[in-house]
Amino acid sequence: MASVTVFMVAEKPSLAESISKILAPNGQYQTRKSYTPVHEYNGQFRNQNARFKFTSVTELSNRTCIQSHNNWDATDPLELFTAPTLKLEANSKQHITKHLQNESRGADYVVLWLDCDREGENICFEVIDNVINSMKEPQKTKENRILRAKFSAITHTDIRRAMDNLVYPNKNESLAVDARQELDLKIGCAFTRFQTRFFQGKYGNLDSAVISYGPCQTPTLSFCVSRHDQIQSFSPEPFWSLAVTVARKNNNDKDKEETLLHWKRERVFDRQIARIFENCVKEANEAIVISVKSERKTKSRPHALNTVELLKHGSSALGIGPHDMMSIAERLYMQGYISYPRTETTSYPKNFDINAVLRTQQAHGVWGSYASELLENGVHKPSGGVDVGDHPPITPMRKAEEGELSGDTWRVYSYVTRHFLGSISPDMRYIRTTAIIKINNEIFECSGSRVDRAGFTSILYSRTSSDTFIPEYKEGERLDITNVKLTEGQTHPPDYLTESEVIGLMEKHGIGTDASIPVHINNICQRNYVKVEGNARRLVPTNLEKIDPDLSLPTMRSDVEKQLNYIALGQAKFKDVLDHSLKLFSAKFKYFTEKIGEMDQLFEATFSVIAETGKIMSRCGKCRRYMKYIASRPQRLHCKTCDETYSLPQNGSIKPYKELKCPLDDFELVLFSTGSDGMGYQLCPYCYNYPPFENISKGMGCNKCTHPTCPQSMIRNTVCPCPQAEVTGCKGRLVLNATLSTQWNLCCNSCNLVSAFTDKLKAVSVTKDEYCDDCGSSILKIEFSKNQTREPLEGCILCDDEISSLLKTR
Ligand SMILES: *[C@@H]1O[C@H](CO)[C@@H](O)[C@H](O)[C@H]1NC(C)=O
Ligand SMILES: *[C@@H]1O[C@H](CO)[C@@H](O)[C@H](O)[C@H]1NC(C)=O
Ligand SMILES: *[C@@H]1O[C@H](CO)[C@@H](O)[C@H](O)[C@H]1NC(C)=O
Ligand SMILES: *[C@@H]1O[C@H](CO)[C@@H](O)[C@H](O)[C@H]1NC(C)=O
Ligand SMILES: *[C@@H]1O[C@H](CO)[C@@H](O)[C@H](O)[C@H]1NC(C)=O
Ligand SMILES: *[C@@H]1O[C@H](CO)[C@@H](O)[C@H](O)[C@H]1NC(C)=O
């Protein structure tokens with residue numbers, strides 16, 4: 001009998017196995033080992049006999065890379081924004097590609113069971129690319145042969161329902177992911193390269209670590225940094241407050257219990273004024289109760305649980321960071337204990353069977369009776385929330401007792417279940433009583449509360465509040481004042497943000513998705529930009545990073561997120577969004593590179609101590625690696641690879657010089673300059689130590705080099721002997737100095753004579769092999785700036801008046 005082949009793919013091997021178990025008749029299937037296991041069974045598909053083959057991908061996540069821009073030195077980071085991208089084939093990916101191609105050979109149908117989020121949708125299309133040519137002809141050309149399963153939990157109901165309601169993969173959602181990947185890659189890469197290159201030349205011990213910029217992680221960090229700034233700039237103020245205790249009159253001892261009152265004014269910031277109030281209260285004989293009010297209040301049951309709430313609770317109440325929380329939740333999901341843990345939705349969908357979930361918990365050792373009671377008495381309609389249409393809220397799917405799950409896994413499961421039970425329990429009700437008490441015209445207050453009905457807090461412990469009692473005062477009642485004290489305090493700065501607060505802020509500003517928030521937080525921790533401190537898990541910035549606030553403006557990122565959303569919803573074109581965002585970030589990048597100085601200052605402060613360890617300076621001609629500049633006296637260059645040290649001229653600064661190389665030994669030139677008298681010259685670190693010609697000695701720069709053709713050499717740039725020769729006996733030569741392309745001067749290579757040209761010139765050069773007939777000086781060619789509208793001049797600086805008038809000797 002004819003039979004069709006249905007090839008199915010899940011995101012992880014464990015999922016392929018759990019789903020096969022559910023779908024295979026009687027849970028019976030054969031498993032074959034391959035690159036990832038393949039489960040096979042016979043069954044029915046669209047009223048035909050079918051052979052099912054179910055396998056999975058591992059790490060088949062796209063690696064996009066930027067074409068031919070891997071040479072860091074050759075590429076201007078700005079060009080990265082317009083560079084083409086391509087999909088990189090990692091080694092493991094080639095195996096998985098072969099695996100998919102081989103196993104899908106001759107398939108009639110492909111059913112995609114990748115995770116039901118945008119990333120999953122994106123992987124669907126990658127799988128399709130891999131299998132489409134292996135499918136049976138002509139099936140592959142028919143659209144309805146490649147199908148998508150939509151599911152939210154690994155349960156019989158959910159998986160069966162998905163299988164019976166297969167849809168088509170959504171290209172637009174996948175494109176939104178492609179756009180995000182390309183943006184993140186280009187932005188991250190451009191900023192990282194720029195920053196790394198910028199700082200590498202400056203700070204010795206930063207060179208190994210690539211400083212990286214992530215478009216989401218920087219705004220994340222900026223929340224922590226701006227709180228840090230607030231704390232740093234906070235100046236505490238002293239304040240004074242009145243602490244007054246009262247007791248009921250003439251009653252038995254029990255009623256003599258004192259009650260602390262709360263001053264309506266709270267506090268004052270002036271000591272004198274505080275004293276006046278203190279005296280005023282002390283003068284009074286008694287306190288009078290002016291009013292007593294009781295109010296019924298309610299605390300609403302929580303909305304259904306979504307990812308952000310789970311992460312926040314994990315961090316603040318369970319002490320589990322977002323990254324670990326997600327791995328635990330994902331494990332629980334894959335084992336079928338809870339529904340898909342990545343969702344923004346906080347209300348149960350209309351057709352959600354709450355009672356069915358309750359029944360699975362009825363026999364539970366800890367909260368079974370609570371669940372049963374809810375079933376008997378009827379559940380309370382869940383309160384509001386939003387249905388984003390992605391996945392249902394996070395709910396328990398299957399009962400687990402404490403012994404079945406270990407440590408944190410149990411605590412997470414327990415929270416998810418309690419939250420579910422809480423969300424369908426009655427609200428908590430309490431009564432709040434407030435008494436207003438007057439002492440000589442000063443108003444005080446005391447209040448207490450009493451829980452009337454615990455409602456959801458009896459199952460969701462973390463939300464419980466305890467009772468506070470006050471005596472049952474009557475209006476007009478007179479009380480004894482038992483104590484009056486003036487207390488002094490100080491205002492406190494706000495505390496560092498807790499991880500849970502940062503998660504909340506990211507959600508509020510639309511940075512990242514429920515899936516990526518843990519990743520961003522984890523990144524800033526791993527890169528040591530912030531440290532998680534204490535049980536409250538506060539994120540405290542290390543002083544490594546100070547970022548341009550404008551660049552990291554959270555709104556910019558959320559704007560991009562919105563546009564990516566439009567792609568997914570089919571309301572905007574992939575290319576339009578990508579082009580627009582790339583332009584935006586490219587402009588930001590320009591701004592950033594111009595503003596880098598401010599960031600630099602902070603780095604300077606942090607790394608000043610390590611100047612000694614040497615900063616990266618120029619390349620060694622032997623090994624082509626960068627040499628380190630060692631600033632401690634005597635200043636010198638050290639090549640770590642060749643283990644060679646090169647001495648340098650002292651008492652001046654050393655900088656890389658235009659990345660020019662010495663033609664003799666390939667060492668990159670450096671520029672030596674002294675601040676005070678403006679002397680300086682370029683030199684080759686190797687020639688400076690090992691003179692290349694017999695007629696020059698050790699310790700000489702290019703302005704004394706006799707190389708006949710190197711554009712930097714004395715020979716090519718000498719104009720004439722030093723004019724001071726007759727006066728001081730100087731044996732130097734006047735050499736054209738072109739170290740700055742905006743200023744031209746003639747400098748003696750021996751004494752400190754400098755003859756500078758006016759600033760109206762575009763270029764000055766020594767004409768090769770042409771000398772003045774009268775004095776033998778080299779002929780100079782002088783080109784004027786455009787606005788001077790003068791023809792270029794050629795001549796001798798000593799004999800040609802027009803040229804010598806352009807020079808000023810100092
Ligand atoms: C290719 O797939 C067939 C089954 O379709 C299997 O028997 C064989 O082992 C696979 N080959 C490789 C190299 O995995
Ligand atoms: C995908 O987006 C395009 C616009 O970019 C739209 O025309 C098309 O209908 C969308 N497709 C789906 C399946 O939503
Ligand atoms: C550099 O300056 C120090 C004092 O600041 C001086 O003792 C030393 O001789 C100078 N070295 C050279 C090479 O000029
Ligand atoms: C060459 O000119 C630059 C810029 O005007 C100056 O800093 C440097 O000291 C000059 N070189 C010499 C040898 O004077
Ligand atoms: C120095 O030596 C080089 C090469 O040996 C030679 O070309 C040059 O003319 C010599 N210069 C002087 C000033 O002796
Ligand atoms: C002419 O242009 C140069 C730059 O090319 C500028 O420095 C100079 O100030 C200008 N002079 C006048 C008179 O505009």
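In each ligand, atom 1 is the first atom listed, and ligand 1 is the first ligand listed. Fair warning: this is a prediction, and the values are worked out from it, not measured in the lab.
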Student: Using 30° and 60° as the class limits, which term best fits the ring planes of Tyr348 and Phe420: parallel, tilted or perpendicular?
Tutor: perpendicular
Student: Ignoring hydrogens, tell whether any protein atom lies closer than 4.0 Å to atom 2 (O) of ligand 2; use the non-hydrogen atoms only.
Tutor: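 For atom 2 (O) of ligand 2 the answer is yes, since some protein heavy atom falls inside 4.0 Å.
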Student: Starting from atom 4 (C) of ligand 2, locate the nearest protein heavy atom and write down its residue, its atom name and how far away it is, to 0.1 Å.
Tutor: Gly570 O, 3.5 Å
Student: Please work out, at 4.0 Å between heavy atoms, whether the side chain, the backbone, both, or neither of Glu103 comes within that distance of ligand 1.
Tutor: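 The part of Glu103 near ligand 1 is the side chain, not the backbone.
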Student: Tell me whether Ser104 contacts the main-chain N or O of Met135 through its side chain, where contact means a donor paired with an acceptor under 3.5 Å.
Tutor: no
Student: Against heavy atoms of Ala572, which atoms of ligand 2 measure under 4.0 Å?
Tutor: 5 (O)
Student: What residue and heavy atom of the protein are closest to atom 14 (O) of ligand 1, and at what distance?
Tutor: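 Nearest neighbour among protein heavy atoms for atom 14 (O) of ligand 1, to 0.1 Å: Asn102 ND2, 3.3 Å.
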Student: Is it true that Arg148 and Glu121 have a side-chain N and a carboxylate O under 4.0 angstrom from each other?
Tutor: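 Here Arg148 pairs with Glu121 in a salt bridge, since their nearest N and O are under 4.0 Å apart.
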Student: Which heavy atom of Ile128 sits nearest to which heavy atom of Pro169, and what is that distance?
Tutor: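 It is CD1-CG, 3.9 Å.
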Student: Is it the case that the side chain of Arg342 and the backbone of Glu330 share a donor-acceptor pair, with hydrogens and angles ignored and the cut-off at 3.5 Å?
Tutor: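 Judged by distance alone, no pair lies under 3.5 Å.
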Student: Could you list the atoms of ligand 1 found under 4.0 angstrom from a heavy atom of Arg32?
Tutor: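 Reading through ligand 1 atom by atom, the close ones are 4 (C), 6 (C).
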Student: How close does the nearest protein non-hydrogen atom get to atom 8 (C) of ligand 2, and which residue and atom is it?
Tutor: Asn172 ND2, 3.8 Å
Student: At less than 4.0 angstrom from any non-hydrogen atom of Ser34, what atoms of ligand 1 do you find?
Tutor: 14 (O)
Student: Asn306 and side chain to side chain contact (heavy atoms under 4.5 Å, CB included): which single residue from Ile394, Val386, Thr346, Thr345 fits?
Tutor: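 Passing option: Thr346.
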Student: Are the charged groups of Arg32 and Glu103 less than 4.0 angstrom apart, N to O?
Tutor: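 Answer for the salt bridge query: yes.
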Student: Looking only at heavy atoms, is any part of Lys53 under 4.0 Å from ligand 1, and if so is it the side chain, the backbone, or both, or is it neither?
Tutor: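 Answer for Lys53: side chain.
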